[in-house]
Amino acid sequence: MKDLTSWAIISITLTFLIGPFIIIIFAGASAGEALAFPPDGLSLKWYLKVFTIESFRQSFILSMGLAIFGTLAALLLGVPAAYALNRYDLPGAETIRTIVASPIIVPGIIVGLALLRYLVIPTGFTVTLALFLAHTALVLPYAVRVVSSSLNNLRSDMEEAAVLLGCTRLQAFTKVVLPNIQGGVLAAFILGFVTSFNQVPVSLFLSGPGVKTLPIDMLAYMEITYDPSVAALSALLAFMSLAIVFVAERLLGFSRYV
Amino acid sequence: MSDKYVSLSNLTLSYGKTVAVPNLNLDVVEGELIALLGPSGCGKTTTMRAIAGLLQPTSGSIAIDGRDVTRVAANKRGIGLVFQSYALFPHLSAFENVAFGLRLQKMSDAEVRKRTDAGIATVGLTGFEKRKPAEMSGGQQQRLALARSLVMEPKVLLLDEPLSNLDARLRLEMRTELQRVQKATGVTMVFVTHDQSEALALADRIVLMKDGKIEQLGTPHELYAKPATAFAAEFMGFENIFRVEGGNLVSDSGQLPLGFNAVSPMLAWRPSGVQVGRGPFSGTVSASSFAGGHREYVIDTPLGEIKADASIETPEVPIGDTIAFDLPEAAARPLSV
Ligand SMILES: Nc1ncnc2c1ncn2[C@@H]1O[C@H](COP(=O)(O)OP(=O)(O)OP(=O)(O)O)[C@@H](O)[C@H]1O
Ligand SMILES: [Mg+2]
């Protein structure tokens with residue numbers, strides 16, 4: 001009886017997790033003209049069409065750029081921040097940790113609106129730059145957390161040993177700390193990349209004419225055209241994320257860090 | 001040879017508002033192996049970290065080889081430190097661990113290789129160059145940490161309980177190894193331990209510390225034979241310590257008449273100094289155990305428990321029986337408070 005209950009729970013969970021994914025794969029593989037499930041016959045034409053839509057191509061490049069450079073910037077800020085929080089007995093470290101984690105708590109849509117209202121409009125920042133800042137801020141908490149957890153496992157006497165062998169503090173960081181947390185940094189990069197790439201709420205208010213991230217562009221596309229290409233694209237993106245996480249897990253036991 | 005190769009003057013070390021070491025004065029002779037001995041929390045590590053420059057003193061000064069280094073950064077002092085945890089670099093091979101400090105200096109690759117190889121050979125790790133620290137045993141890691149500091153040819157080598165992570169057999173082996181390396185290189189060594197036998201076996205001089213202060217300083221023989229205070233005596237194995245009051249030996253549980261004149265406020269006997277089998281006093285045997293060369297008795301007396309070692313030649317007294325004993329003048333060690 002107990003066995004039956006746990007099986008039921010597992011099946012329901014899996015259905016909810018994987019079900020939408022399967023529906024999307026098949027909806028995209030439709031031979032018909034409208035988005036529907038079950039699809040009207042099977043074909044790969046929508047999967048191929050995705051690659052011919054010019055606006056998708058542009059927004060894909062923007063999203064890629066934001067995900068890569070936004071995450072890199074977040075790491076550039078986040079690694080030293082995590083290090084400082086971890087190693088120095090800073091006054092109010094707890095408060096800083098809470099502030100750093102706040103974008104995870106504050107709804108993205110508010111962050112996006114705030115940036116539009118108080119950054120883009122008054123200062124005339126370009127939308128692209130605002131998007132870049134927003135994505136950096138979005139990824140930063142993840143970067144700090146993941147890197148912090150690998151720093152916690154690294155004893156600080158190793159750096160002191162390096163200093164006594166002649167290193168400056170900075171050299172001790174680059175020669176001893178960084179090589180030993182590179183797994184965590186890579187994990188933070190992947191997590192940040194995927195988070196940024198799939199991000200909708202923050203980007204919603206920060207998209208202007210000609211500047212749209214891929215998820216926003218897909219929303220816009222669906223408002224006008226109700227064909228299965230959006231489903232096909234979603235399926236392709238899901239595969240991309242899966243592939244990245246799979247490779248990461250294989251290479252460095254990603255799940256240890258998250 | 002300088003008698004003040006490392007000189008600590010009026011050194012006060014604190015963590016925030018808590019003072020760990022108040023006003024320490026200590027001179028280390030060039031080329032000697034000096035041991036900082038004391039119970040946990042007495043400030044041994046704190047003192048080492050200050051000498052190395054990892055902890056800035058609240059007041060006082062540190063001089064090395066005649067030069068005041070109180071304000072000199074840790075990486076410019078020329079001091080080596082072997083950490084209790086070894087603090088090896090896990091991402092580097094044994095060779096690169098040892099070469100690490102040399103590579104930071106302007107030195108040719110050939111020179112780095114030569115000195116690293118020599119350092120690795122000194123500690124007997126030739127053949128292990130390609131291993132990562134995680135692939136080495138505790139003793140090998142310890143020797144690697146030693147080699148990493150030695151190749152830098154430090155003015156002073158500090159060792160913070162370097163043997164405490166090793167098993168008993170390896171610990172003895174590494175003791176001799178340390179002594180050999182020290183004699184071969186002539187490096188001045190400051191060695192932290194809370195193991196009195198380790199300090200006695202290794203050190204030229206012992207600094208016995210208590211609550212951040214020096215309780216007694218002397219050669220191992222001086223400390224072993226002539227501890228000055230009750231604390232030092234206890235550390236050196238005098239297990240029977242009593243107050244002297246008006247011709248009596250006094251403890252918290254009672255008193256016994258003292259058979260001779262004493263001027264010191266306290267007297268102490270090692271278990272081996274207590275005479276058993278005959279004597280003016282008697283007590284009840286409460287524990288008895290065979291220890292190879294002798295038998296260890298715990299005797300219930302008016303003074304409380306007395307620990308006494310008896311020769312195995314004398315017949316064994318069973319637990320619960322009465323036993324005669326004496327606290328002879330010849331074995332008594334006078335102590336100040
Ligand atoms: N980082 C720290 N912050 C606050 N107090 C500290 C710190 N490190 C040590 N202390 C305190 O300073 C005193 C001396 O500590 P220290 O580590 O020097 O002792 P130790 O003699 O090395 O002891 P052990 O044999 O346990 O290593 C102790 O009372 C300890 O509680
Ligand atoms: Mg210590």
Side-chain angles (χ1 to χ4, degrees), chain A residues 75 79-80 82-96 146-189 248 250-254 256-257, chain B residues 15-16 45 48-55 72-93 96-107 112 116 119 132-134 141 144-161:
Chain A
L75 283 173
V79 174
Y83 181 77
L85 283 174
N86 190 279
R87 286 292 189 264
Y88 300 103
D89 219 358
L90 300 175
E94 222 20 73
T95 321
I96 298 174
V146 175
V147 173
S148 284
S149 79
S150 49
L151 275 171
N152 276 336
N153 297 328
L154 194 72
R155 300 183 51 120
S156 59
D157 52 13
M158 237 188 279
E159 289 150 64
E160 294 182 335
V163 167
L164 290 174
L165 291 169
C167 278
T168 61
R169 279 276 160 193
L170 185 64
Q171 280 175 318
F173 180 77
T174 56
K175 284 176 191 290
V176 174
V177 178
L178 268 188
N180 283 299
I181 59 165
Q182 51 173 274
V185 174
L186 201 56
F189 181 83
R250 267 309 173 80
L251 284 184
L252 42 100
F254 185 58
R256 263 191 304 150
Y257 297 96
Chain B
Y15 297 99
T45 299
M48 294 275 248
R49 291 175 59 80
I51 299 175
L54 297 171
L55 179 73
V72 175
N75 58 347
K76 300 270 189 300
R77 286 194 188 182
I79 285 181
L81 174 56
V82 177
F83 289 79
Q84 179 172 353
S85 57
Y86 311 146
L88 294 164
F89 307 131
H91 62 297
L92 297 177
S93 66
E96 286 306 324
N97 263 281
V98 178
F100 187 90
L102 299 174
R103 291 206 192 282
L104 292 167
Q105 300 175 353
K106 288 197 182 67
M107 195 183 282
V112 169
T116 304
K132 291 274 172 67
Q141 290 183 25
L144 186 61
L146 185 61
R148 184 178 66 177
S149 292
L150 278 176
V151 292
M152 300 301 292
E153 294 173 1
K155 291 196 181 107
V156 182
L157 184 59
L158 310 173
L159 302 113
D160 195 353
E161 307 210 25

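A note on names: the letters A, B, ... follow the listed sequences, proteins ahead of strands, and every chain is numbered from 1.
Taking both residues in full, the closest heavy atoms of A:V79 and A:V185 are given as CG2-CG2, 4.3 Å, listed atom of the first, atom of the second, then distance. Closest heavy-atom contact between A:V146 and A:A187: CG1-CB, 4.2 Å.
For A:A172, no part sits under 4.5 Å from any heavy atom of chain B, backbone or side chain. Within the 4.5 angstrom heavy-atom criterion, atoms from both the backbone and the side chain of A:T168 approach chain B. Only the side chain of A:Q171 has a heavy atom closer than 4.5 Å to any heavy atom of chain B. Proximity to chain A is limited to the backbone of B:L88, based on heavy atoms less than 4.5 angstrom apart. With a threshold of 4.5 angstrom between heavy atoms, B:I79 approaches chain A through N, CA, C or O but not through any side-chain atom. With a threshold of 4.5 angstrom between heavy atoms, B:R148 approaches chain A through its backbone and through its side chain.
Below 30°, between 30° and 60°, or above 60°: for A:Y83 and A:F173 the angle between ring planes is above 60°, a perpendicular geometry.
Looking at heavy atoms from C-beta onward, A:E160 lies in side-chain contact with B:R49 at the 4.5 angstrom threshold.
For A:R155 and B:F83, the positive end is not near the middle of the six-membered ring at less than 6.0 Å and at most 45° from its axis.
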